[in-house]
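Structure record follows, encoded as structure tokens.
Atoms within a ligand are numbered from 1 in the order they appear, just like the ligands themselves. Throughout, residue positions are numbered sequentially from 1 according to the sequence presented.
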Amino acid sequence: RKIAQLSDKVVDSNPYSRLMALKKMGVCPKYEDIRLKTVIVVGVGGVGSVASEMLVRCGVGKLLIFDYDKVELANMNRLFYTPDQCGMTKVAAARKSLSFINPDVQIEDYNYNITTVENFEHFVSRITGGGIDGGPVDLVLSCVDNFQARIAINQACNEVGQTWFESGVSEDAVSGHIQLLKPGELACFECAPPLIVASGVDEKTLKREGVCAASLPTTMGIVAGFLVQNALKYMLDFGQVSNYLGYIALKDHFPAMTLRPNPECSSAWCRKQQAAFQAKLAATPAPTAKA
Ligand code: ATP
Ligand code: ZN
């Protein structure tokens, strides 16, 4: 009887119908807009590759991926890449699997270091002109594993006023976080780096030379899930988007908070964006109370 009940359920073979059910059920009234959205993923390693796969399976319109590294056997304790892909650039391997999973998604891939002067300029031009309509992208997801790359993304997004999410997993593999950064409105990466906020430890001293970092597919998969869930909520305007969400695996503790910008931030672009945001707030008439 149970089995009969289960098989009575309407199951359409088209994967989009399971996604569009989110609209019919009122969870996400504008789900079909996903096909108009463009996302940049910087770093297609343990978190970024899984986040990219989730976006592609959700039916995102366009994805731009950036990474300078190659697939190695040492990456096999993570999800997504397979041993036969060793030696390929991560972006080429990812592009191949992602377009195999969903050929409808437009993909651009860049195998370079975003922090060099020349590449940085090109990276900024893809933020402002890489959108599916030729305009700015909808969101940038940072899935890199080092301070310099995060600073570069922060600088690019502060300059052009691009909203982005930062993500990270600790070197001991048992904690992680995601953070939403809206230039001028919320703290930028230089206002207060998230790892300092979360643990009181400076990330620069956390990365020890010659020490093999631990990594777990579980923690990375959870952080990728948090990241894309909040990216969907942000882009498709449903639910509440987390500003900062942490994950402490050993205690299953999920600290959440909101980080406001630091008026004395070392980034001049951040201070400029803060002034612009305040001016915009001041120009918006306050809602009048009903008599
Ligand atoms: P591990 O360091 O533990 O061996 P990893 O280098 O694959 O692993 P991940 O945390 O899995 O690191 O992923 C981070 C990804 O970000 C990597 O694929 C890395 O190549 C990429 N990345 C880091 N910095 C840059 C950068 N400046 N430009 C482009 N890609 C970057
Ligand atoms: Zn700042």
Vertex the Zn ion (ligand 2), rays to SG in C188 and SG in C191 - rounded to 10°
120°
Counting both backbone and side chain atoms, is some N or O of [X] under 3.5 Å from an N or O of ligand 1?
| X | value |
| --- | --- |
| I114 | yes |
| G46 | yes |
| K90 | yes |

Distance from F66 atom CZ to N111 atom CG, nearest 0.5 Å?
11.5 Å
Here the gap from C58 atom SG to L22 atom CG, rounded to the nearest 0.5 Å, amounts to 8.5 Å
Exactly one candidate in E159, E166, E190 meets side chain to side chain donor-acceptor pair (under 3.5 Å) with N154; the answer is E190
Whether the [X] and [Y] side chains hold a donor-acceptor pair (N or O, under 3.5 Å, no angle test) is what I'd like checked.
| X | Y | value |
| --- | --- | --- |
| N77 | S215 | yes |
| Y247 | H253 | no |
| N113 | T116 | no |
| S97 | E53 | no |
| N158 | S267 | yes |

Is the NZ atom of K70 crowded by more than 12 outside heavy atoms at less than 6.0 Å?
no
Checking contacts here: is it the side chain or the backbone of [X] that comes within 4.0 Å of ligand 1, counting heavy atoms only? Could be both or neither.
| X | value |
| --- | --- |
| N75 | side chain |
| V42 | neither |
| Q148 | neither |

Is the shortest heavy-atom distance from the side chain of W164 to the side chain of L141 under 4.5 Å?
no
When clusters are formed by joining ILVMFWY residues with side-chain heavy atoms under 4.5 Å apart, either directly or through shared neighbours, do L281 and L259 land in the same one?
no
State the atoms of ligand 1, each with its element, that fall below the 4.0 Å cut-off from a heavy-atom position in [X].
| X | answer |
| --- | --- |
| A149 | 24 (N), 27 (N) |
| T115 | 27 (N) |
| G45 | 11 (O), 13 (O), 15 (C), 18 (O) |
| G43 | 15 (C), 16 (O), 21 (C) |
| R78 | 1 (P), 3 (O), 5 (P), 7 (O), 8 (O), 9 (P), 11 (O), 12 (O) |
| Y112 | 28 (N), 29 (C) |

Which option wins on minimum heavy-atom distance to [atom]: [options]?
| atom | options | result |
| --- | --- | --- |
| atom 27 (N) of ligand 1 | I65, N113, T89 | N113 |
| atom 19 (C) of ligand 1 | I151, V41, D67, V50 | D67 |
| atom 24 (N) of ligand 1 | I153, N146, V144 | N146 |

Looking at ligand 1, does E72 have a heavy atom less than 4.0 Å from it?
no
Does at least one non-hydrogen atom of C143 fall below 4.0 angstrom from an atom of ligand 1?
yes
